[in-house]
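Reminder, nothing fancy here: chain letters follow the sequence lines and each chain counts from 1. Values in this document were obtained by computation on a predicted structure and should not be read as measured data. Because only heavy atoms are used, hydrogens play no part in the values below, and waters and symmetry mates are left out as well, while side chains stay in.
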Amino acid sequence: MSATLTNDGIAERFELLADLLELEGAVAYRVLAYRRAAKTLRETPESVVRLSQQGRLTELSGVGDTIADKVAELIATGHIAALEKLVAATPPGVVPLMRVPGVGPKTAKRVFTELSLSSVDDVLQAARDGRIREVPGLGEKTEQAILEGLQAPRAQKRDRVSSGKLRPFAERIVAQLAMLDEVEDCDIAGSLRRFTETAKDVDVVVATTDPSPVAEAIVASDWVAVVESRGDTKVTCVAHDGTRVDVRMVEPAVFGNLLQHLTGSKEHNVAIREAAVRAGLKVSEYGVETVETGEVIRCRDEAQVYRHLGMDWIPPELRENRGEIEAARSHALPDLVELGQIRGDFHSHTDWSDGKQTLEQLVEAAMAKGYSYLNVTDHSPAVGFGMGLDAGRLRRQIERVRELAARLDGFTLLVGAEVDILKDGSLDYSDELMAELDVVVASLHASHRLDADAQTKRLCAAMENPHVDIIGHPTGRMLGRRDAYPLHMEAVVEKALETGTVLEVSGQPNRLDLRDANVRMAVEAGVKLAIDTDAHSRAALEYMRFGVMNARRGWATADDVVNTREWPEARRLLKDGR
DNA sequence: GCCGTTTTCGGCCCGACTGTTTTCAGTCG
């Protein structure tokens, strides 16, 4: 039973528990505590089941004895008694109703009790009959929102999309606004600024002394499908593809305060403000106020906000309340890796396998980016579809690469391979063949359904091979399509350290694998990383920036990343160079 | 229910906008 309990599944139950408690009218802070714990459990890179069995759950922030006991109960019995009891006492349909945008627990509860309803269908019928608007405090708009929300729950629950896809749109909006005379400054905020792996909306902040024409220009933009709300300082629109766009405007003198506020994360801001309150300060998007004197410090620049709170400026990628506030206070923030420090790419594909570009075109593109080396890694045969290189073709490719490399001046062209890790952990090329390659990336492309023990064993066996330098996209996830396969990440990190194997941080926007929390686990263990694009085209070489941002979210410094070094030094960090 | 740069008890971030109302609760981020 416990084998099927994922972190996400456990978090889901506490999420529901929080919703039901809120409906019941529980103390708000108790509800908040369950929500916080659910989020922590969901984002924990290690197995919550295992942490529970080791008695280590309360080490997680937001998880105390009560919640740890409930997790243990869930693992042991398959359910949480307190949750079952609340579920039984709540009419089915209240939870879906409270999750309709614009409807919260209070409204949902009122609808059910005032009209004596007992199901989603009842609510829909009541809305159609115009009975919702008869409930005191509710009106036509609410009735309409319920009707639409319940009939199209999927459309409302638009999935978060990869930030890589959303970012260009956000940049376009910023560029558009920056051209207006009334706009003094403009930036992306929110999760896109923090480079979270996915985002559900676009947040933009604007510095202006004249917000009205700016709001006018926004709602008149060609991308706007619906204007959801429009106030004096805030406009919310929905684009034609369903993307929600929030624009907030403030006077330039407090632009830094607003940018800090809207960059979040929510957890970061809450922690910042709680700390500020303890120091007698009040933080909002309009300034930092000394409560006792009423003096307000207004910050045009974001760094000033942090300085007034006694902290170093915190890079947006770290603002998740995962220790960055304490580090900023003691001047111990990491010196995060930067895009400009990347000297080469260890994972790329040409038209020898499934890449779009020829070898020559890809090399030219890498040189144009200012890199000093590129490792070409076409597929091995096991990947299927006949596109992988068999031993004969790989030998011919090695020759071709060596010939081309000899003609290049000031650029090191390396020949490698992305060799498949087979089901039993053995590799798709012989040791003799791999010995002829410069840098070998080993990846897993099939048999995703093995259980965690088998998958971990398989990956560890591959790392034992003396020719395997890098493990490509180590957890195999595809954002929005496929979860990471079950894996004991701690064991993988440990084996990487022991064998000197480098773990990849893929910049592919739909992979970002390792994910941030796993990057951090590797960094803390002292495992080296390679930030690669896994480019299958010239354009995809640009994915490096997403890889770098993701590594930054995992607290990686240039020192942690092998390809911030020139080739001779990078080589010494790989197995064959040792 | 959780937690500690004042705390093992007493607090727990802050403001904008909407809808339904005449002063604000509810919802959202």
_Taking only the C1' atom of each, what is the distance from B:dC9 to B:dC14 in whole angstrom?_
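Their C1' atoms lie roughly 25 Å apart.
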*Gap in Å between the two P atoms, one belonging to B:dT21 and one to B:dG15, rounded*: 27 Å
*OP1, OP2 of B:dA16 versus side-chain N and O of A:Tyr286: anything below 4.0 Å?*
yes
Expressed in angstrom and rounded to an integer, what is the separation of [X] atom [atom1] from [N] atom [atom2]?
X        : N      : atom1 : atom2 : result
A:Asn269 : B:dG29 : CG    : C1'   : 10 Å
A:Glu274 : B:dG4  : CD    : P     : 10 Å
A:Leu23  : B:dG26 : CG    : P     : 13 Å
A:Lys106 : B:dA25 : NZ    : C1'   : 8 Å
A:Lys39  : B:dG1  : NZ    : P     : 22 Å
A:Leu138 : B:dA25 : CG    : P     : 15 Å
A:Ile80  : B:dG1  : CD1   : C1'   : 14 Å
A:Gln144 : B:dT18 : CD    : C1'   : 16 Å

*Which of parallel (below 30°), tilted (30 to 60°) and perpendicular (above 60°) describes A:Phe169 and A:Trp223?*
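The arrangement is perpendicular - the two ring planes meet at more than 60°.
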*asked:* Please pick, from B:dC17, B:dT5, B:dG1, the nucleotide with the shortest atom-to-atom distance to any side-chain atom of A:Thr66.
replied: B:dG1
*Would you mind telling me which residue lines up with the more 5' stretch of DNA chain B, A:Arg273 or A:Val100, judged by nearest nucleotide?*
A:Arg273
_Nearest heavy atom decides the nucleotide; on that basis, is A:Thr233 or A:Ala33 closer to the 5' end of DNA chain B?_
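Mapping each residue to its closest nucleotide by heavy atoms, the 5'-most match is A:Ala33.
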*asked:* Quick check on A:Glu274: does its CD atom have over 12 non-hydrogen neighbours (other residues, nucleotides or ligands) under 6.0 Å away?
replied: yes
*Verify salt bridge (charged side-chain N to carboxylate O under 4.0 Å, His left out) between A:Arg298 and A:Glu251, making sure each step is shown before the conclusion.*
CA-CA 10 Å; A:Arg298 293 146 61 89; A:Glu251 48 182 319; 3.3 Å; yes
